[in-house]
Amino acid sequence: MEILLNYLPWIWLGVAVLCIITEALTFTLTTIWFAFGAVAMIFISLTHIPLKWQVLIFVVISLLLLIFTRPLAVRKLKVKKTPTNSDYIIGKKAVVTERITELEKGAVRINGVEWTAASKSGVVLEKGSECTITEIQGATAVVEPLKYSDGEEK
């Protein structure tokens, strides 16, 4: 048993490396806290505490890190969506340049750029009519007829 205690720092190092590799492959921000716990155990194991207590300390440290620091890390590492040019035109008014039907795509012009367009509700939009862009699906603008304050579509 004494021989095992001499190798425990190396075993904890192996646990830390294994947890880091697992985290790198999954990026779930879960096993990284166990890696930190294992790194702490490298130093604690040098005091020759019995193995069962080392395992208990490892679990406690790792769970405390997981519970108290993971939410902070998730918030800090949250990827913010960067608006693109296509996101900018959602909600904007456009002019139909090619007739749009329920079954056929047409085209709209917005800010001097022509987009392939499809009708959101299947309503036919004639050339020259105005519409609103509701979403972008790939390279197609999904549109609906422009509604005025009196509820009339034009």
Side-chain angles (χ1 to χ4, degrees), residues 1-94 96 100-123 125 130-147 149 151:
M1 188 66 170
E2 184 66 33
I3 295 173
L4 178 64
L5 289 176
N6 293 332
Y7 288 106
L8 278 176
W10 294 104
I11 293 171
W12 287 117
L13 178 65
V15 170
V17 169
L18 185 65
C19 289
I20 290 170
I21 291 171
T22 303
E23 184 64 38
L25 295 174
T26 61
F27 200 66
T28 58
L29 286 178
T30 304
T31 55
I32 191 70
W33 310 116
F34 289 89
F36 289 143
V39 169
M41 291 310 302
I42 292 170
F43 300 104
I44 293 172
S45 69
L46 296 174
T47 63
H48 298 291
I49 295 173
L51 181 60
K52 65 180 177 183
W53 291 108
Q54 287 187 35
V55 171
L56 179 66
I57 294 169
F58 166 71
V59 170
V60 170
I61 290 173
S62 300
L63 288 177
L64 287 174
L65 286 170
L66 179 68
I67 292 167
F68 292 110
T69 59
R70 185 177 186 275
L72 297 171
V74 167
R75 260 186 270 140
K76 289 290 183 187
L77 295 175
K78 191 172 193 175
V79 177
K80 294 177 182 151
K81 184 180 178 195
T82 304
T84 63
N85 289 341
S86 61
D87 293 330
Y88 172 75
I89 66 171
I90 294 174
K92 302 286 185 185
K93 185 169 66 170
V96 177
I100 304 169
T101 67
E102 182 178 8
L103 301 175
E104 293 180 2
K105 291 182 180 180
V108 295
R109 182 172 296 277
I110 183 165
N111 298 336
V113 178
E114 191 148 323
W115 283 75
T116 303
S119 176
K120 180 176 184 172
S121 57
V123 174
L125 295 161
E130 293 181 328
C131 60
T132 304
I133 299 175
T134 59
E135 63 182 293
I136 303 295
Q137 293 179 350
T140 302
V142 179
V143 298
E144 61 183 16
L146 187 62
K147 293 188 185 335
S149 58

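The basis for the numbers below is simple: all heavy atoms, side chains too, and nothing from hydrogens, waters or symmetry mates. Here, residue 1 is the first one in the sequence, and each next residue gets the next number. Quantities reported herein were computed from a predicted structural model and do not represent experimental measurements.
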**OP:** Return the set of residues passing side-chain hydrogen bond (donor to acceptor under 3.5 Å, both in side chains) with W33 (not counting sequence neighbours), or none when no residue passes.
**Re:** none
**OP:** Rounded to the nearest 0.5 Å, what's the gap from CD1 on I21 to OG1 on T26? Could you check?
**Re:** 12.0 Å
Original post:
Taking side chain as C-beta onward, heavy atoms only, is F34 less than 4.5 Å from T22?
Top reply: no
Original post:
Less than 4.5 Å apart, any side-chain heavy atom of W115 and any of I136?
Top reply: yes
Subject >> For P71 against L66, the heavy-atom pair lying closest together >> reply: CD-O, 3.9 Å
Subject >> Contact check, side chains of V15 and C19, non-hydrogen atoms, under 4.5 Å >> reply: yes
**OP:** Kindly indicate whether the side chain of E144, heavy atoms from C-beta on, has any atom under 4.5 Å from the side chain of V123.
**Re:** no
Subject >> L125 and E130: CA distance, side-chain angles, deciding distance, side chain to side chain contact (heavy atoms under 4.5 Å, CB included) verdict >> reply: CA-CA 8 Å; L125 295 161; E130 293 181 328; over 6 Å; no
**OP:** Output the distance between atom CG (L65) and atom OG1 (T30), rounded to the nearest 0.5 Å.
**Re:** 12.5 Å
Subject >> Least distance between heavy atoms, S45 atom then W12 atom >> reply: CB-CD1, 3.7 Å
Original post:
At their closest point, which heavy atom of V96 faces which heavy atom of C131, and how far apart are they?
Top reply: CG2-SG, 4.0 Å
Original post:
Minimum heavy-atom separation for L46 to P9, with atom names?
Top reply: CD2-CG, 3.6 Å
Subject >> Test item: T47 side-chain N/O and I44 main-chain N/O as donor-acceptor pair under 3.5 Å >> reply: yes
**OP:** Can you sort out the partners of T140 under side-chain hydrogen bond (donor to acceptor under 3.5 Å, both in side chains), two or more places apart, ordered by chain and number?
**Re:** K105
Original post:
Taking atom CD1 of I90 and atom CD1 of I133, what is their separation to the nearest 0.5 Å?
Top reply: 8.5 Å
**OP:** Enter the distance from F27:CZ to I32:CD1 here, rounded to the nearest 0.5 Å.
**Re:** 9.0 Å
**OP:** Enter the distance from I89:CD1 to T134:OG1 here, rounded to the nearest 0.5 Å.
**Re:** 10.5 Å
Original post:
Is any side-chain heavy atom of I11 closer than 4.5 Å to a side-chain heavy atom of L8?
Top reply: yes
Original post:
Considering only heavy atoms from C-beta outward, does the side chain of L72 approach that of R75 to under 4.5 Å?
Top reply: yes
**OP:** Measure the spacing between CZ of F36 and CD1 of I20 and express it to the nearest 0.5 Å.
**Re:** 7.5 Å
Original post:
What's the shortest heavy-atom distance between A117 and I100, and which atoms?
Top reply: CB-CD1, 3.7 Å
Subject >> Which atom of E114 lies closest to which atom of A107, heavy atoms considered >> reply: OE2-CB, 3.5 Å
**OP:** Would you indicate whether the side-chain heavy atoms of I110 and K93 approach each other to under 4.5 Å?
**Re:** no
**OP:** Apply side-chain hydrogen bond (donor to acceptor under 3.5 Å, both in side chains) to E23 and list each qualifying residue two or more places apart in sequence or on a separate chain.
**Re:** T31
